[in-house]
2 protein chains.
Amino acid sequence: MAMIEKLRQALYRKETVILIAKCSIFYEGRASSKLSEGERIIIIKEDGAVIVHRPFGYEPVNYQPPGSIVTIEDDRGIIKLNILRPRIHEKMVIEIKELKHFYSSRLEDQAEFQMWGDEEDLKQAIILDPAGMLGEELQLVGSEFSLGSAGYADIVFRDINGNLVVVEVKKKTADVSAVYQLKRYVDKIRKEGGSNVSIRAILVAPRFTQSALVALKREGLEYREVSLQHARKILKQKRSLPSFFTS
Amino acid sequence: MAMIEKLRQALYRKETVILIAKCSIFYEGRASSKLSEGERIIIIKEDGAVIVHRPFGYEPVNYQPPGSIVTIEDDRGIIKLNILRPRIHEKMVIEIKELKHFYSSRLEDQAEFQMWGDEEDLKQAIILDPAGMLGEELQLVGSEFSLGSAGYADIVFRDINGNLVVVEVKKKTADVSAVYQLKRYVDKIRKEGGSNVSIRAILVAPRFTQSALVALKREGLEYREVSLQHARKILKQKRSLPSFFTS
DNA sequence: CGTGCCAGGTGCCAT
DNA sequence: ATGGCACTTGGCACG
């Protein structure tokens, strides 16, 4: 059977398709790109995602996200894949000069992907044990605290003297933009609450850039250096309690 | 020949390898993840990049970047791929329960990837024709203007009245953080230059969030809405001049 | 949908 | 290496 027919049937049956092909690629949409002839890996997934990889590098050189519409065209021996995203007028065209390999099948994968050790975990450790993580007793006021146009404060506490304490958490190096992110929240709360509320702000991260430290000082904000390992230890302790206590 | 030998030889010859396999995946490094059994696409590139795709979605579910070290282990019928990044102690383990498909070969791809229509192009259009893009005559002072701890200003102009004009360009919707990015630059220049320099600041983008507009007004900064198409037209005109004029 | 923000972000380029 | 920043960023949560 002609290759192009096999390809059509595979797509029709919503199989995952993998091609190794000498091809050229054109993209036009939010930006434009062109890639002349070379051998690449083309993945067409069951959900319409199309991903093209060169034989090197982590990132795909061209792609279209799930939901794209793939059509095939035979232009005098050259197979043309047109991948369309109608909503936003994006188009990728793959011109296949030579097909080195073809594979297609339906893949069975229902498993759940679990990930931990991200910023959310660090935040939880701080909420569960403020004293252990930040060195002082703090009472939780709220987290993912909505501040309207200013965004969301990671955590808001009240300290032993009744001050509001706004906390912004970074999982890795906190830079100057993190400082200004925090300052935005403080300004907003100060403005909303009037001058009678006393506010502190703490940037929490395992590391800080030099300019972040300078900006923190200039803006009168505090910071705490925390270790991710320490956070992990605290989470483990707290979470290993009977569910009666944790939930 | 045993599959594991074929795999070893392919890796030894630095071929690109593609596996379709029922497998489980474990990752431990900056974060940790676990993915139980399912059918996936595994790409091992010639430069040591390893990328695992599920049959849906744009992003790989697990990966290691180029330069990773891949070793193979036969654990009583289960092929174990250990992918290591020694420098930062990152490890991914793929346990292959069943190999549905194997492909390997050396891929030839020397082509250069060309992209345009990104932020850099928008910036160039503004530099080449400030009047056409921003509606006023401006004289270029510098671009990627280093401001020490405050970062880099996209473009700095001088206007007809001798004011410095700091320009921050966004290719898509400019949000409140873009406003503060620009404000950082202004504050820095003002501080360095003393109170005698008069500074204007313009945020340039095709779209602005509501809160960005509010923040701009509050901070006394200007903005210009520009069309990417217009920028493209200007670039085309200016660049089609003889190279004698453009270079 | 837009807005805000994290990501095992990655990649590029500067000092 | 660290730092500052864009990315066809993608992805999620929330109003």
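Treat the numbers as computed from the prediction; the structure is a model and nothing was measured. So that the names make sense, note that chain A is the first sequence line, chain B the second, and so on, each numbered from 1.
- Within the nucleic acid shown, Arg87(A) has no heavy atom closer than 4.0 Å to any nucleic acid atom.
- Rounded to whole angstrom, the span from the CG atom of Leu213(B) across to the P atom of dG4(C) amounts to 11 Å.
- For Lys172(B) and dT9(D), the shortest distance from a side-chain N or O to OP1 or OP2 is below 4.0 Å.
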Derivation of the salt bridge (charged side-chain N to carboxylate O under 4.0 Å, His left out) call for Glu28(B) and Arg232(A): CA-CA 14 Å; Glu28(B) 176 108 28; Arg232(A) 197 148 111 186; 3.7 Å; yes
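- The phosphate of dG4(C) (OP1 or OP2) has a side-chain N or O of Ser211(B) nearer than 4.0 angstrom.
- Listed pair Arg207(A) / dA1(D) fails the phosphate criterion, with no side-chain N or O lying under 4.0 Å from OP1 or OP2.
- In this structure, Gly29(B) reaches neither bases nor backbone, as no heavy-atom distance under 4.0 Å exists between it and the strands shown.
- Of the side-chain N and O atoms in Thr209(B), one or more sit less than 4.0 angstrom from OP1 or OP2 of dG4(C).
- With P as the reference atom, dG8(C) and dG4(D) are 23 Å apart, rounded to whole Å.
- Note: Phe145(A) and Tyr152(A) fail the aromatic proximity criterion, with ring centroids not under 6.0 Å apart.
- Rounded to whole Å, the P atom of dT8(D) lies 22 Å from the corresponding atom of dC5(C).
- Between Arg30(B) and dC6(C) there is no side-chain polar atom (N or O) within less than 4.0 angstrom of OP1 or OP2.
- With distances taken from any side-chain atom of Thr173(A) to the nucleotides dT8(D), dG3(D), dG8(C), the minimum falls on dG3(D).
- Across the protein-nucleic acid pair, Asp121(B) atom CG and dC12(C) atom C1' stand 16 Å apart, rounded to whole Å.
- In terms of modelled atom types and a separation under 3.5 Å, the side chain of Glu225(B) and the main chain of Phe208(B) share no donor-acceptor contact.
- Using a 4.0 Å cut-off between a side-chain N of Lys or Arg and a carboxylate O of Asp or Glu, Glu192(A) and Arg190(A) do not qualify as a salt bridge.
- Looking at Lys191(B) and Asp187(B), no side-chain N of the basic residue comes within less than 4.0 Å of a carboxylate O on the acidic one, giving no salt bridge.
- With Lys170(A) contributing its side chain and Val204(A) its backbone, the two residues share no donor-acceptor pair below 3.5 Å.
- Residues Phe208(A) and Gln64(A) each lie close to DNA chain D; by heavy-atom proximity, the contact nearer the 5' end of the strand is made by Phe208(A).
- Scanning atom types as modelled, no donor and acceptor separated by under 3.5 angstrom connect the side chain of Tyr152(A) and the base of dG4(C).
- With rounding to whole Å, Arg85(B) atom CZ is found 13 Å from dG8(C) atom P.
- Within the 4.0 angstrom heavy-atom criterion, no nucleotide atom of any strand lies near Ser32(A).
- Among the atoms of the strands shown, base atoms are found under 4.0 Å from some heavy atom of Val61(A).
- If you check dC7(D), dT3(C), dG4(C) against the side chain of Asp118(B), the one that comes closest is dC7(D).
- Between the side chain of Asn62(B) and the base of dG8(C) there is at least one donor-acceptor pair of N/O atoms closer than 3.5 Å.
- Going from atom CE of Met115(B) over to atom P of dG11(C) covers 13 Å, rounded to whole Å.
- Regarding contacts with the backbone of dC6(C), every side-chain N or O of Lys123(A) stays at 4.0 angstrom or more from both OP1 and OP2.
- Look at Tyr58(A) and the base of dT10(C); the rings do not stack under the cut-offs of 5.5 Å between centres and 30° between planes.
- Side-chain proximity of Tyr27(A) to dC6(C), dG4(C), dT8(D): nearest is dT8(D).
- Here the separation of dT10(C) from dC6(C), taken at their C1' atoms, is 14 Å to the nearest Å.
- Heavy atoms of Glu28(B) sit nowhere under 4.0 angstrom from any nucleic acid atom.
- In this structure, Glu59(A) places its CD atom 17 Å from P of dA7(C), rounding to the nearest Å.
- Phosphate proximity of dC5(C) to Ser177(B): absent, as no side-chain N or O sits under 4.0 Å from OP1 or OP2.
- Residues Pro60(A) and Gly57(B) both approach DNA chain D. Their nearest nucleotides, taken by heavy-atom distance, put Pro60(A) toward the 5′ side.
- The distance between atom NZ of Lys170(B) and atom P of dC5(D), rounded to the nearest whole Å, is 8 Å.
- Distances shorter than 4.0 Å separate none of the side-chain N or O atoms of Lys91(A) from OP1 or OP2 on dT8(D).
- Proximity of a side-chain donor or acceptor of Asp175(B) to a complementary backbone N or O of Ala178(B) within less than 3.5 Å is detected.
- For the pair Tyr180(A) OH and dG4(C) C1', the computed distance is 20 Å after rounding to whole Å.
- For Gln210(B), no side-chain nitrogen or oxygen approaches OP1 or OP2 of dG15(D) to under 4.0 Å.
- In the model, Tyr27(B) has a side-chain atom that pairs as donor or acceptor with a side-chain atom of Glu90(B) under 3.5 Å.
- Tyr63(B) has its OH atom 12 Å from the C1' atom of dG10(D), to the nearest Å.
- Scanning atom types as modelled, no donor and acceptor separated by under 3.5 angstrom connect the side chain of Glu144(B) and the base of dG4(D).
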